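First up is the structure itself, then whatever we jot down about it.
We number each residue from 1, following the sequence as shown. When reading the values below, keep in mind they use all heavy atoms of this one structure, side chains included, and skip hydrogens, waters and symmetry mates. Values in this document were obtained by computation on a predicted structure and should not be read as measured data.
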Amino acid sequence: MTRLQIRAFIYQLGCFAILFISVRYLVAQYTNLTGFWIPLTAFIVGTLLSPKFQAIKTKDGEKFYMKWIFMKGIKEIG
């Protein structure tokens, strides 16, 4: 794995973890869900809402991209 691929993986994991923990807490506190439904709901919401990061090799070298449901199109990151 290249440095940018590792960076993309860490960013993806970090964003998902933040959303998963936040949603899990909110679901547990403010809904009547119990058991495995709490983490299952948090997993689905976290997967759908977290941005997607990817490192792609182009003819100009390796580039870092992000796609998110709340942004139009794909953005190149530094």
Does atom [atom1] of [X] have more than 12 heavy-atom neighbours from other groups under 6.0 Å away?
X: K57; atom1: NZ; value: no
X: I69; atom1: CD1; value: no
X: F43; atom1: CZ; value: no
X: K52; atom1: NZ; value: yes

In chain order, what residues pass the side chain to side chain donor-acceptor pair (under 3.5 Å) check against Q54, with sequence neighbours excluded?
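In terms of side chain to side chain donor-acceptor pair (under 3.5 Å), with neighbours along the sequence ignored, Q54 is linked to no residue.
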
So do [Y] and [X] actually touch side chain to side chain, heavy atoms under 4.5 Å?
X: P51; Y: K67; result: no
X: T41; Y: L33; result: yes
X: F64; Y: R7; result: yes
X: Y65; Y: I77; result: no
X: P39; Y: F20; result: yes

Examine [X] and [Y] and state if one hydrophobic cluster contains both, with Ile, Leu, Val, Met, Phe, Trp and Tyr joined whenever side-chain heavy atoms are less than 4.5 Å apart.
X: M71; Y: L49; value: yes
X: I44; Y: Y30; value: no
X: L40; Y: I21; value: yes
X: F36; Y: Y25; value: no

Which distance, rounded to the nearest 0.5 Å, do you find between the CZ of R24 and the CD1 of I38?
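It is 6.5 Å, given to the nearest 0.5 Å.
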
Out of curiosity, I10 CD1 to C15 SG, how far, rounded to the nearest 0.5 Å?
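If we round to the nearest 0.5 Å, I10:CD1 and C15:SG are 12.0 Å apart.
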
Check whether the ring centres of F53 and F9 lie less than 6.0 Å apart, and answer yes or no.
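That pair fails the under 6.0 Å test.
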
Partners of F70 by ring-ring contact (aromatic ring centres under 6.0 Å, His included), sequence neighbours excluded?
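With neighbours one apart ignored, the set is W68.
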
Does the side chain of T2 come under 3.5 Å of the side chain of E62 through a donor N or O and an acceptor N or O?
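The answer is yes; a qualifying pair exists.
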
Shortest non-hydrogen separation from A42 to V23 and the atoms involved:
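Taking every non-hydrogen atom into account, CA-CG1, 3.7 Å.
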
